[in-house]
Peer 1: 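This is the structure I have questions about; it appears just below.
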Amino acid sequence: MPSSYYCPAPLVSPHLGFGIDDWKRIHHCIMEKSSGLYAGYALRHVDGLDQESSVCLHLGLTDYRTFVGTNLNPLWEKFLIPSEDDSVRCQHTSSPLGNGAIVETSDNRILVLQRSYNVGEFPGYFVFPGGHSEPEELGISDHQNDKGLTQAADLNRKVSQEMFDGIIREVVEEIGVPAESLTDPVFIGISRREMNVRPTAFFFLKCNMESKEIYQVYSRAQDGFESTQLYTVSRDELRKMALRMPGCHHGGYTLYELMIQTVEDARQSSRWL
């Protein structure tokens, strides 16, 4: 089962801030032994702080080979340090911060993909569209330790915006819908699965297209090879499918349900005012 961090007041991009840490997470021995692995970079999740009107995530830099050597290692638990504090417990794992999108169509269905059997993680499982943000989109290819305060603040703003731009990009590439059909993403929380402690940030978006239209564009999706089938499901159907999702995506479903309950409670309260 996953552990989830819920953002009680869902946030849009100006309220999500980031701190870039200076931890050097590249395990050279793993890289030397795994030279054939994809070497792309990802943002590394360290910890987070929930403030009254914003969420601050402390992020570093990691890569796919380090992820394979730590989180995906069959002995991944050996990398964990006994601690109730995740930032301490997971300091020796890559823990790339993934992203996931709960996308609601104009006919009130939720988009779910079934992963291809040719992918490395969880082949055949149901998942929400997503992937991870791309540091290369910001020109980040190494740790930014020599930045002054002004440059660091500018970089943090760009990383924050990339979190929101990145999830739109993932939905467009995996589903095939145009970016202009999507609303601005709303950050609803982070889920970390228990198995290999992989974290994922989840966002809620609406699409102004109906299910039948989305099925048509899905066949031409840029990253359609990563999945074998698209489903547009009701909330009841989603609850059943969530049982066959990886832990972090099952946590994403839980965050979505918490968001809906929060909205419904707020509406009930407003009726009594």
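Index from 1, following the sequence.
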Peer 1: Excluding sequence neighbours, so at least two apart, what forms side-chain contact (heavy atoms from CB on, under 4.5 Å) with L75?
Peer 2: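 L75: side-chain contact (heavy atoms from CB on, under 4.5 Å) contacts with N73, K78.
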
Peer 1: After noting the C-alpha distance and the side-chain angles of R89 and D85, does the key distance pass the salt bridge (charged side-chain N to carboxylate O under 4.0 Å, His left out) rule?
Peer 2: CA-CA 6 Å; R89 180 170 174 260; D85 185 345; over 6 Å; no

Peer 1: CZ of F225 to CG of N118: how many Å apart, nearest 0.5 Å?
Peer 2: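 Interatomic distance, F225 CZ to N118 CG, rounded to 0.5 Å: 10.5 Å.
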
Peer 1: For the residue pair S94 / T62, report whether a side-chain donor-acceptor contact shorter than 3.5 Å exists.
Peer 2: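 Their side chains do contain a donor-acceptor pair, which is all the 3.5 Å distance test asks for.
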
Peer 1: What distance do H92 atom NE2 and L80 atom CG have between them, rounded to the nearest 0.5 Å?
Peer 2: 10.0 Å

Peer 1: Tell me, please, which residues at least two apart from N196 pass side chain to side chain donor-acceptor pair (under 3.5 Å).
Peer 2: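 So N196 forms a side chain to side chain donor-acceptor pair (under 3.5 Å) with R193.
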
Peer 1: For R109, what residues pass the salt bridge (charged side-chain N to carboxylate O under 4.0 Å, His left out) criterion, not counting sequence neighbours?
Peer 2: E237

Peer 1: Can a donor-acceptor pair be found, under 3.5 Å and without considering hydrogens, that links the side chain of H249 to the backbone of F128?
Peer 2: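 Flag set: sc H249 to bb F128 pair under 3.5 Å.
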
Peer 1: Please list, chain by chain and in numerical order, all residues satisfying ring-ring contact (aromatic ring centres under 6.0 Å, His included) with Y253, sequence neighbours excluded.
Peer 2: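 Y253 satisfies ring-ring contact (aromatic ring centres under 6.0 Å, His included) with no other residue.
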
Peer 1: Can you check side chain to side chain contact (heavy atoms under 4.5 Å, CB included) on L182 and N208, steps first, answer last?
Peer 2: CA-CA 7 Å; L182 301 169; N208 63 16; over 6 Å; no

Peer 1: Spell out, as yes or no, whether a donor-acceptor pair under 3.5 Å connects the side chain of T70 to the backbone of T66.
Peer 2: yes

Peer 1: Measure the spacing between CE of M195 and CG of L72 and express it to the nearest 0.5 Å.
Peer 2: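 Between M195 CE and L72 CG, I get 8.5 Å after rounding to 0.5 Å.
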
Peer 1: Please check if any side-chain donor atom of T228 sits under 3.5 Å from a side-chain acceptor atom of Y117, or the reverse.
Peer 2: no

Peer 1: Return the minimal non-hydrogen interatomic distance between V197 and S95, and the atom names on each side.
Peer 2: O-OG, 3.9 Å

Peer 1: Let me confirm one number: the CG-OG distance from L57 to S160, rounded to the nearest 0.5 Å.
Peer 2: 8.5 Å

Peer 1: Any idea which heavy atoms bring Y215 and L230 closest together, and the distance?
Peer 2: CE2-O, 3.2 Å

Peer 1: Which atom names give the shortest non-hydrogen contact between T200 and G100, and what distance separates them?
Peer 2: CG2-N, 3.7 Å

Peer 1: Taking salt bridge (Lys or Arg N to Asp or Glu O under 4.0 Å) as the cut-off, I'd like each qualifying pair that reaches into residues 240-267, sequence neighbours left out, listed once.
Peer 2: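 Qualifying pairs, neighbours excluded: R235-E257, R235-E264.
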
Peer 1: Determine yes or no for a side-chain-to-main-chain donor-acceptor pair under 3.5 angstrom, with R198 supplying the side chain and P96 the backbone.
Peer 2: yes

Peer 1: Would you mind telling me which of I102, V186, I188 makes a side chain to side chain contact (heavy atoms under 4.5 Å, CB included) with M259?
Peer 2: I188

Peer 1: Would you indicate whether the side-chain heavy atoms of I110 and V103 approach each other to under 4.5 Å?
Peer 2: no

Peer 1: So, using side chain to side chain donor-acceptor pair (under 3.5 Å) as the criterion, who are the partners of T105 when residues are at least two apart?
Peer 2: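 Here the qualifying residues are D107.
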
Peer 1: Let me confirm one number: the CD1-OG distance from I214 to S106, rounded to the nearest 0.5 Å.
Peer 2: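 Rounded to the nearest 0.5 Å, the CD1-OG separation comes to 7.0 Å.
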
Peer 1: I'd like a table of donor-acceptor pairs (distance under 3.5 Å, sequence neighbours excluded) in which one partner is a side-chain atom from residues 164-172, with atom names and distances.
Peer 2:
from : atom 1 : to   : atom 2 : distance (Å)
D165 : OD1    : Q161 : NE2    : 3.1
R169 : NH2    : E162 : OE2    : 2.4
E170 : OE2    : H132 : N      : 3.4

Peer 1: Could you pull out all residues at least two apart from Q229 that satisfy side chain to side chain donor-acceptor pair (under 3.5 Å)?
Peer 2: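 For Q229 the side chain to side chain donor-acceptor pair (under 3.5 Å) partners, ignoring immediate neighbours, are Y231.
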
Peer 1: For S191 and C248, indicate whether the former's side chain and the latter's backbone hold a donor-acceptor pair under 3.5 Å.
Peer 2: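 Indeed, once roles are kept as given, a pair shorter than 3.5 Å links the two residues.
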
Peer 1: Is it the case that one hydrophobic cluster holds both I260 and F202, taking links as side-chain heavy atoms less than 4.5 Å apart, direct or via other members?
Peer 2: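 In one cluster: yes.
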
Peer 1: Heavy atoms only: give me the nearest L97-A201 pair and the separation to one decimal.
Peer 2: CD1-N, 3.8 Å

Peer 1: Any chance you could measure S234, atom OG, to M241, atom CE, to the nearest 0.5 Å?
Peer 2: 10.0 Å

Peer 1: Within the structure provided, determine whether F79 and Q91 are in side-chain contact (heavy-atom separation under 4.5 Å).
Peer 2: no

Peer 1: Going by side-chain contact (heavy atoms from CB on, under 4.5 Å), name the residues that satisfy it together with S227, two or more places apart in sequence or in a different chain.
Peer 2: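 With neighbours one apart ignored, the set is L113, Y218.
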
Peer 1: Is any side-chain heavy atom of S116 closer than 4.5 Å to a side-chain heavy atom of E226?
Peer 2: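 Counting from C-beta outward, S116 and E226 never come under 4.5 Å.
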
Peer 1: Could I get the full list of side chain to side chain donor-acceptor pair (under 3.5 Å) partners for S219, not counting sequence neighbours?
Peer 2: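 Checked S219 against side chain to side chain donor-acceptor pair (under 3.5 Å); zero matches.
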
Peer 1: Just to verify, what does Y125 make a side-chain contact (heavy atoms from CB on, under 4.5 Å) with, not counting sequence neighbours?
Peer 2: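 Partners of Y125 by the side-chain contact (heavy atoms from CB on, under 4.5 Å) criterion, ordered by chain and then number, come out as F122, P246.
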
Peer 1: If I compare all heavy atoms of H250 with all of M245, which pair ends up nearest, and what's the gap?
Peer 2: N-CB, 3.9 Å

Peer 1: Strictly by salt bridge (Lys or Arg N to Asp or Glu O under 4.0 Å), give each pair with a member in residues 201-221 just once, sequence neighbours left out.
Peer 2: E104-K206

